[in-house]
There are 2 protein chains.
Amino acid sequence: MRDVAQAAGVSVSAVSVVLNKKEGARIGADARVRIHDAIARLGYRPNAMAKDLVTGQSRFIGLVADAIASTPFAGQIIHGAQDEAWKHGFVLLVANTEGNQDAEHEAIAMLLEHKVRGVLYSTWYHREVEVPEGLDESDCVLVNCYAAADLPAVVPDEIAGGRDATQLLIDQGHRRIGFINTTTPSPAHDGRLRGYREALAAAGIDLDPALVVEARPEQEGGYDAAALLLDQGVTGIFCHNDRVAMGLYDGLRDRGLKVPGDISVVGFDNQEVIAAHLRPPLSTVALPHYELGVAGVRVLLGLDAPASDGRVLVGCPPVERASIARPAVVPAGDPG
Amino acid sequence: MRDVAQAAGVSVSAVSVVLNKKEGARIGADARVRIHDAIARLGYRPNAMAKDLVTGQSRFIGLVADAIASTPFAGQIIHGAQDEAWKHGFVLLVANTEGNQDAEHEAIAMLLEHKVRGVLYSTWYHREVEVPEGLDESDCVLVNCYAAADLPAVVPDEIAGGRDATQLLIDQGHRRIGFINTTTPSPAHDGRLRGYREALAAAGIDLDPALVVEARPEQEGGYDAAALLLDQGVTGIFCHNDRVAMGLYDGLRDRGLKVPGDISVVGFDNQEVIAAHLRPPLSTVALPHYELGVAGVRVLLGLDAPASDGRVLVGCPPVERASIARPAVVPAGDPG
DNA sequence: ATGAAAGCGCTAACAC
DNA sequence: GTGTTAGCGCTTTCAT
């Protein structure tokens, strides 16, 4: 920078002013030109760290994730956070902890030492977390998780998602709708179930407890659950996630049943590799990971405000594909 | 830091020395204790940027990716790079460009301004890239891609991978082995084909051109390819990737054929969500994204050296599951 | 309108 | 052994 000033025949402060496009003090047009010229000629790059040092604040936003890679989803959170941060001139500092306590501690220390503007603490599946100490030394927002501590938390709206998924089936005339929930206790388990109930209630359909079963949230779980639900005479099935739906497809096929001709299926997550390419393509409801990341930095930056309970709910938009049709067996009393 | 020094009754340099665990100049044991005490009491955190500023080098490694989220894979590269960087005291600065030229330029400028130790330029699928200008101002290594410019490039060993995948089938006695390659021109297309040929040649099997077909690298492509290969009387099929294999499973089943009873199948990529949960679980060969990330920072840091051609090939380890069996039809002349 | 100078928090000579 | 001091590259009063 000194070199630039020298080459342009001005002082360093003049260069600084020009670089930061200050409004107040204007620089002579000629000097300004000479400065830009010198910058280009010398290939000068400002030193971000020196700048941050003097201003006392960096342009970093820290993101600590518990499992960057174990799932295709985490990438989306990073992506969304990165995009939004970038939009406001911030850069993402990524720290992966793989659930390791020490790594987490170290990561947070590192972020703090870099004087990050704030940190996003995220998990790969929606759950309650215990906030590691140290995080309180900086602004912090929880992404895809929440804590007893009153930190702002950005989470998917599981209830509305469950409601919408069920509604997809109801809209096509289904009334005996099965639900393969997960065996794992979680906000997803409770929220989607509640959404399922709400949708049923709103449509005036009595809840039949025999229609909701639980299975491991994987293909294998869905495959095994097929038999249970078929015995109950369901015409449509809402699966806890797309992987379960994938397994269900297999289970149905092995019993000679066609989707959606014989049974309609709706998933959850909108896991692209699966949902979009199953035969038939799976109608589902999307887990908004990208948006979670975006919303996370927005509340961190004070652009969005959480509700009074500290939560910001991000919607799970339905994605209609081809796994839902009107039920083959018209319910009694319904002329069709 | 001054406060700490004052509280401990020593000078700032003493604190600095203690913090950096210098070997040469030792500090009195009592002073050291007082310093640590003061640090804890004051909740002092060193300012990483001030440190980097004076030493002239930061502990950052930049990672620019063309598509962080479009694929489950990118996350693995980030993860590997992050872990390895962390291990050596570096932090990852992540920049996503989504293939956008301007974003890329801006991202690189930003990384350079932060005086990164070097940058990893990565792509989500293995391909040739044009290196954006500016990257030469810093150490740079290509990850999962390569360029005409002589930059070190860390890439998967497609040939060996194709060879190993084919060998999995050969080992079980298959001799009429089909290959569903991708329609997309790419190192994967050429490398896996070459590996397939090499494995066949090594086993003394003549190449039958009718046995290699091309299809879109998705479920749909695999489904459609089933018919073509079945007509050729193959007993085993090597698929360009797991998604193709997934489609192939469907195609085979629709024709009443069982995997691996009637036809053995091997995939490529080891895309967890799919490969591990298909019925039967898919034997495949893994695309080593995590290792690619690790290797990237290792060569960047000078820990590993590329071959004379600037490449470092990362192996694609076979992952055996349950989609391969001995062929039902024993080839003529083979008593076993 | 522009330059001089102080200082951000830290490290690294160099004295003592 | 331990304290003093001079910057690292930049922003920002404050003079001019």
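Proteins come first, then strands; the chains are lettered A, B, ... in the order of their sequence lines, and each starts at number 1. Bear in mind the structure is a predicted one, so any value in this text is a computation, not a measurement.
The distance from atom CD1 of I27(A) to atom P of dT12(D) is 14 Å, rounded to the nearest whole Å. Atom pair R32(A):CZ and dA1(C):C1' shows a separation of 11 Å (rounding to whole Å applied). With rounding to whole Å, D3(A) atom CG is found 11 Å from dG9(D) atom C1'. As a whole-Å value, the separation of K21(A) NZ from dT11(D) P is 12 Å. Rounded to whole angstrom, the span from the CZ atom of R34(B) across to the P atom of dT2(D) amounts to 8 Å. Distance N20(B) CG to dA12(C) P: 7 Å, rounded to the nearest Å. When rounded to the nearest whole Å, the span between CD1 of I35(A) and P of dA1(C) equals 14 Å. As a whole-Å value, the separation of R2(B) CZ from dG3(D) P is 16 Å.
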*Under the side chain to side chain contact (heavy atoms under 4.5 Å, CB included) rule, what do N270(B) and L287(B) come out as? Steps first, then yes or no, please.*
CA-CA 7 Å; N270(B) 192 33; L287(B) 228 28; over 6 Å; no
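By the 4.0 Å N-to-carboxylate-O rule, R127(A) lies close enough to D66(A) to be salt-bridged with it. Comment: K87(B) does not engage D83(B) in a salt bridge, judged by the lack of any side-chain N to carboxylate O separation of less than 4.0 angstrom.
Each end of the helix from dA1(C)-dT16(D) to dC16(C)-dG1(D) gets its own rotation axis from five pairs of C1' atoms, and the angle between them is 40° to the nearest 10 degrees.
Using cut-offs of 30° and 60° on the angle between ring planes, the pair H114(A) and F60(B) is tilted.
Listed by chain and residue number, nothing satisfies the salt bridge (Lys or Arg N to Asp or Glu O under 4.0 Å) test with E106(A) (two or more places apart in sequence, or in another chain).
Sorted by residue number, the members of residues 36-53 of chain A with any non-hydrogen atom under 4.0 Å from DNA chain C read L53(A).
When the shell of 6.0 Å around NE2 of H88(B) is examined, it contains more than 12 heavy atoms from other residues, nucleotides or ligands. D30(B) CG: more than 12 foreign heavy atoms inside a 6.0 Å radius. At most 12 non-hydrogen atoms from other residues, nucleotides or ligands lie less than 6.0 angstrom from OH of Y125(A).
When distances are taken from the side chain of S11(A) to each of dA4(C), dG9(D), dT4(D), the shortest belongs to dA4(C).
Taking side-chain N and O atoms only, T55(A) has no distance below 4.0 Å to OP1 or OP2 of dT11(D). Taking only side-chain nitrogens and oxygens, S16(A) never comes nearer than 4.0 Å to OP1 or OP2 of dC10(D).
Evaluation of atom-type donor-acceptor distances gives a pair under 3.5 Å for the side chain of S13(B) against the base of dT4(D).
In plain terms, the two heavy atoms of I61(B) and F90(B) that are nearest each other are CG1-CD2, 3.8 Å.
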